[in-house]
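Here the structure is laid out as structure tokens; the discussion comes afterwards.
Lettering of chains follows the sequences in order, A, B, ..., and the numbering in each one begins at 1. In this text the structure is predicted, and so the values were computed from the model without any measurement.
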Number of protein chains: 2
Amino acid sequence: MSKQGRKAQFTRALIEARSLIIDGSLPAGERLTETALAERLDLSRTPVRQAMDRLVDEGLLERIDTGGCRVARFTMADLVDAIELRGVLEGTAARLAAERGAVPEIADRMEQVLDALDRAVDPARFDFRAYVRLNEEFHDLLARLAGSPIVAREVERASRLPAASPVAFLQGQELIPDFRVSLGRAQHQHRRIYEAVRDREGARAEALAREHARLARANLEYVMHEQPSLADRVPGLALVAG
Amino acid sequence: MSKQGRKAQFTRALIEARSLIIDGSLPAGERLTETALAERLDLSRTPVRQAMDRLVDEGLLERIDTGGCRVARFTMADLVDAIELRGVLEGTAARLAAERGAVPEIADRMEQVLDALDRAVDPARFDFRAYVRLNEEFHDLLARLAGSPIVAREVERASRLPAASPVAFLQGQELIPDFRVSLGRAQHQHRRIYEAVRDREGARAEALAREHARLARANLEYVMHEQPSLADRVPGLALVAG
DNA sequence: GGGGGACATTCTGTATACATTACCGCCCCT
DNA sequence: AGGGGCGGTAATGTATACAGAATGTCCCCC
């Protein structure tokens, strides 16, 4: 048994199984048994079962009544809904932060992140990797800005739905013609969201955060309609039926 | 091993453990080990562990870094947020149903439920048990009205957060002076929500659904401030610190 | 040739064994 | 007397054994 990490086998099972599903090695709709997966990953059934439970929770697997699982089959509509939901929940986080006042330490950090994002999208010293990292931190901070663990938790959960994550399309975006323009637009929205929260404009903050999530939807639609060849660059898009 | 049910032990562990937490037998903050719970429920660790995983997911338990769990400690603010979230998500379900058109079969059933609810709150033939059952069905139908499995799933998840369920306060409500008036008000809102969905008034439907969840908040605040003695009649209120 | 039923296989759900790790209290040393 | 190390105990993580259920398969009978 591996010495590193307290739940090493479980973690490995979770990560590897998730990869298998997301990159399409396990085709959507395929039946998946504990035993088969355990053998494939060379693990015992115990950690594999836990990992499968977790993946069911994440929505990547569906339980079958009789036992065992099936790889979830997503439609475009499902991904659109997942993105919409993330927008709604981030919007709620933003609105509550505006109404109740933002947690000062998180707001401070957010200002730093926004400044850093400005630098990252500056054409003179464009830094894609920095953008990805900072964008992720922005969304994490936004989830926690209202100081509500319950809200933060659900925002983060919604971000784990397939292709709903704020970072899901950044990979593919590298290959989209004017993606730098798109990142600049996103950063503009980041600023406006924070501004609305700071100025206690709850409705505006909510609406802006929702609209911000629409960027992901636009990217989704672009990839699916204009560049289906990029679909395998975006995590989870292999799951989409048809 | 029990003959009845495919996951009888797991189910028993989940239900009994949840009861122990919700009714306060396991005080908030208390450390809870697999072994201890397994012994207490007279089960092996395997189903107990799965049940604990699930309860962590539901938010009733918190994982401890080192392994093991702690019974979650909720504040009033947490319950308020949980209710707010349910309102936001039901609002989203209602708005999307309005924007995209409601699923006809679900809308049909909803009209029947609304008629039945009218009868249940009619003072002449008031029927509390029927109200509880129909109210639950109304909220279930609302979650699915937009025809989005993703949205329905998250609405239902939010309803499982402690004391956030649409039915959480009905128990205690029996003991509140003019609770019949309150039920009538709730039913009035049910009607208006459905009406807005039917007439494709998305913003109105969303706002009404959010406001409807505020009834739960009002009940929460009433119980906590006016009738703390009722707190143990409402599932989950025993978890609230202070 | 097709359908149905008994059998075999496989899988799940549960219990339990085993090794590793964390926890707790005690004692010793300074 | 207080703090730090040390050992015992208990709990976790993982593997595996076993029984019951589900699935399918193969053969026989029609």
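The residue B:T46 sits close to a base: some heavy atom pair falls under 4.0 Å.
Separating the CG atom of B:D42 from the P atom of C:dA15 is a distance of 9 Å, rounded to the nearest angstrom. Computed from coordinates, the A:Q50 CD to D:dA15 P distance equals 11 Å when rounded to whole Å. In this structure, CD of A:Q9 is placed 15 Å from C1' of D:dT16, rounded to the nearest angstrom. Nucleotide C:dA15 holds its P atom 13 Å from the CZ atom of B:F10, rounded to whole Å. Protein atom CG of B:L41 is 13 Å distant from nucleotide atom P of C:dT14, rounded to whole Å. What separates CZ of B:R12 from P of C:dT14 is a distance of 10 Å, to the nearest Å. Atom NZ in B:K7 sits about 13 Å away from atom P in D:dA22, given to the nearest Å. Summarising the geometry, the separation between CD on A:E34 and P on D:dC18 is reported as 19 Å, rounded to the nearest angstrom.
Residues A:H190 and A:H139 meet the side-chain proximity criterion, which asks for heavy atoms closer than 4.5 Å. The shortest distance between side-chain heavy atoms of B:L89 and A:L85 falls below 4.5 Å. Residues A:E154 and B:R157 meet the side-chain proximity criterion, which asks for heavy atoms closer than 4.5 Å. Counting only heavy atoms from C-beta outward, the side chains of B:E62 and B:R73 never approach each other to under 4.5 Å.
Remark: A:T35 is in phosphate contact with C:dC11, judged by side-chain N or O atoms under 4.0 Å from OP1 or OP2. Side-chain nitrogen and oxygen atoms of A:T66 include none within less than 4.0 Å of the OP1 or OP2 phosphate oxygen of D:dA22.
Nearest nucleotide to the side chain of A:R49, out of C:dT21, C:dG13, D:dT14: C:dG13. The A:R45 side chain lies nearest to C:dT14 when the options are D:dT12, D:dT23, C:dT14.
In terms of position on DNA chain C, the residue among B:P47 and B:R31 whose nearest nucleotide sits closer to the 5' end is B:P47.
In this structure, A:D78 contributes its side chain and A:T75 its backbone to a donor-acceptor pair below 3.5 Å.
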